[in-house]
Amino acid sequence: MKASPRALAQHVAVFGAYLALWTAVSWPLAAVPILGDRVVTRQFDLYPSMWLVDAAPGTFPRMISMGSAWPFHELLTRVDSYVLLMIGWVNHGFLSGATVCALVAWLGVPISAFVAERCAGDGFNVDRPWSLIAGLCYGFSGVAATALLEGHVFHLLNPWLPLMWWGWQRALTADGVRSGLVVGVGFAGALYTSAYFGVFGLILLVFLAVDAPRVAQRVAPGVAAVALPVGLYYLWLFHLSSRFQDADATSSAYYLRMGTVAASDLLGWAQGADVSAHSLTGALPLMGIPLALGVVATGRRTRAMPLFLALFGILCALGRTWHLDPGDAGLDLPVDRFLFPALAFFRFPVRALWLTGLAIGVQAARTLGATAARAPWLSRGALLLAGVDAIVGPGLPWRTSVAVAGLPSAYNAAPAGQAVLDLWAQPADHSSGDIAMWSRNLTCYYAGLHHRPTPEVCIGTGVRSPREVLDGWLTQHVLADPADQGAAWTLTQLGIGAVAVHLDLYREGDAASLRQGLETLLGPPLAESTDAGDHLVVYGVPAGDGSGDPVAAYLKLTSGK
Amino acid sequence: MLWFALAFADPTVGDAPVVAPVASLAVDAEPARLHVLTISVKSPPSGSEVEATVFGRTQELADPGVGVHSATFRAVAARFTRVQLTVRENGIHTPVYDGLVPLSDAGEDDLAFVVTGGPRPTALRTIYAPSAAVRRWTEPLSMVRYGWGAILALYAAVLLIAATRRA
């Protein structure tokens with residue numbers, strides 16, 4: 001079916017409207033490509049995303065990073081997003097990781113909103129402009145704001161879930177197999193964007209199949225033709241766990257608690273979340289909810305499935321302990337002990353609110369489509385208020401902040417082709433894992449820019465990386481006995497060409513002792529810089545004769561023999 | 001046993017940020033002997049890049065209450081600063097929080113934190129809600145959120161009633 005020029009112009013206008021609104025609320029995101037050394041984020045997960053894009057040319061399709069986890073290599077089969085990895089590979093260094101991530105975030109939301117709008121418009125026969133509310137509820141949601149502020153930019157390019165639903169609805173009037181193929185492509189896109197979205201896609205399929213088993217029979221061959229092979233391939237990749245993963249039940253519980261929201265967080269953003277809770281909020285579309293519930297009153301033939309889907313997402317987001325407010329004591333679910341083993345792997349259930357936003361958006365669009373004929377001006381007002389709510393609810397204009405990007409210039413003094421060992425201060429009381437994550441993510445981001453191997457592991461959270469092991473060993477050594485040159489010899493055997501100390505996070509006295517010890521061991525620093533948001537001092541390691549075996553040296557060091 | 005909770009808030013957003021507890025501390029001391037707490041925040045200097053000034057004033061434990069304290073971090077091209085909160089009690093420093101606070105590059109970030117204290121853990125929540133200081137910080141935003149939601153729900157109700165009546 002060929003779209004008429006008029007329809008095409010309407011599509012462009014709708015996409016342009018979403019793009020304009022997103023450009024305004026996420027500003028200065030759209031300007032990142034020309035800002036140069038600035039990025040839009042509040043937390044630390046944008047840095048590994050930028051690393052992934054920068055490192056992609058050397059890692060895809062082998063799925064092995066030779067530049068991280070030195071002296072080993074790092075398997076990337078549990079990478080956060082294969083879609084981002086492939087985008088990075090296509091980019092192949094043409095644009096910087098910062099620019100690519102900004103473009104994904106900037107264009108991702110209007111693309112996602114547009115497909116959600118088409119899901120309501122074409123899939124459910126809702127006329128424009130009433131179908132626009134579906135895009136507002138889905139693309140401009142609280143979890144979308146969280147994705148931007150946390151740095152999970154690949155979450156924002158998520159047209160896949162509405163594409164699945166749209167394909168399913170088309171099966172009512174069009175060929176079942178072809179529609180099923182569309183559903184399958186949507187599932188594959190969701191799965192390879194993020195494992196979370198793959199699970200949500202599966203949940204969406206279950207809800208749709210239970211609601212309409214006859215449609216399920218018609219689309220099943222098409223869905224299976226795409227979803228089965230890509231799903232099985234994904235599972236095969238996923239089971240290849242990294243050797244450095246060190247997740248246990250305690251850390252899973254920590255992340256699961258962090259990855260949920262309180263009931264009050266569903267009403268809007270809270271600034272405290274940006275300071276101490278990883279920007280995790282889940283503002284729901286407050287105009288969409290009453291409209292979605294009101295679809296019953298419009299007399300439209302409707303099913304309760306979307307409302308159950310929305311409720312399912314909300315229950316997931318509240319987690320295993322329900323809080324009315326982030327500060328209160330909380331109520332443990334009685335089924336907690338049964339649910340937790342299954343949920344432990346599902347660390348950020350708040351992301352299920354993507355399903356909620358989609359379900360609310362589609363239902364709200366149907367309501368507005370029905371009320372438009374009888375109360376056109378009030379319906380226009382509701383659409384306008386939904387647009388205002390998309391700004392006020394997630395609160396992005398008040399929350400976005402610009403952070404420094406770029407490479408500290410002292411790295412340039414490190415010998416090319418040899419690994420750089422980054423030293424970071426350790427937290428005094430381990431009350432939070434944030435310092436370790438900041439250290440890991442920035443180390444990888446820098447390695448993607450200076451193109452020298454790093455002992456840091458760049459994928460995963462519960463990780464014990466070679467960098468942390470070497471950091472602890474070297475710090476202890478230079479503070480205790482810096483005159484013993486054995487450590488310098490070991491560094492040479494490990495293939496380390498330079499030691500980079502990030503001084504900002506050390507206590508003043510510790511920093512002075514560390515500098516003195518490193519100068520005794522390695523001599524005066526090669527370079528020192530305070531640009532790119534980091535106070536960095538780089539020390540050179542004596543060059544070896546090339547006969548050393550870094551892996552053997554590492555194993556010898558860690559085994560203590 | 002005395003309990004204290006520390007909470008960060010970011011006053012850069014109007015007058016009404018929501019606070020979120022980030023650390024708590026149990027001090028094993030007799031309430032009557034602990035007359036004054038001094039809360040200090042420090043951020044290690046990085047050359048001239050990050051400086052921190054502050055800080056907290058006192059808590060009279062006979063009347064456990066809430067103190068809103070503030071710190072200003074001057075950040076020139078720094079991604080974050082490491083903040084260490086220390087409770088000084090009769091000259092003894094006890095670290096209660098050690099973490100990172102991301103900074104914008106605006107040149108200066110204001111950070112405020114709320115200190116609550118009481119004779120036992122349950123008292124934390126008791127004094128949390130009615131405290132004038134905390135209410136000043138949290139209630140306006142909550143009211144805005146609830147109020148905005150109520151307005152939208154009311155509008156939707158009017159729309160639906162109008163549409164069904166004309167059907």
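Sequence lines set the chain letters: A, B, ... in the order given, protein chains first and strands last, and positions in each chain run from 1.
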Roughly how far, to the nearest 0.5 Å, is the CG atom of Leu291(A) from the CG atom of Leu152(B)? 9.0 Å

Taking Tyr155(B) for the side chain and Leu378(A) for the main chain, is one N or O donor matched with an acceptor at less than 3.5 Å? yes

For the student: nearest non-hydrogen atoms of Ala156(B) and Met287(A), plus distance: CB-CE, 3.7 Å

Who passes side chain to side chain donor-acceptor pair (under 3.5 Å) against Thr371(A), sequence neighbours left out? Ser379(A)

Does some side-chain heavy atom of Val388(A) sit less than 4.5 Å from a side-chain heavy atom of Trp148(B)? yes

Leu160(B) side chain reached by Thr367(A) side chain, heavy atoms, under 4.5 Å: yes

Pairing residues for Thr443(A) by the side-chain contact (heavy atoms from CB on, under 4.5 Å) criterion, not counting sequence neighbours: Asp422(A), Trp424(A), Thr454(A), Glu456(A), Arg467(A)

Please look at Leu368(A) and chain B and tell me whether the side chain, the backbone, both or neither of the residue comes under 4.5 angstrom of a heavy atom of that chain. side chain

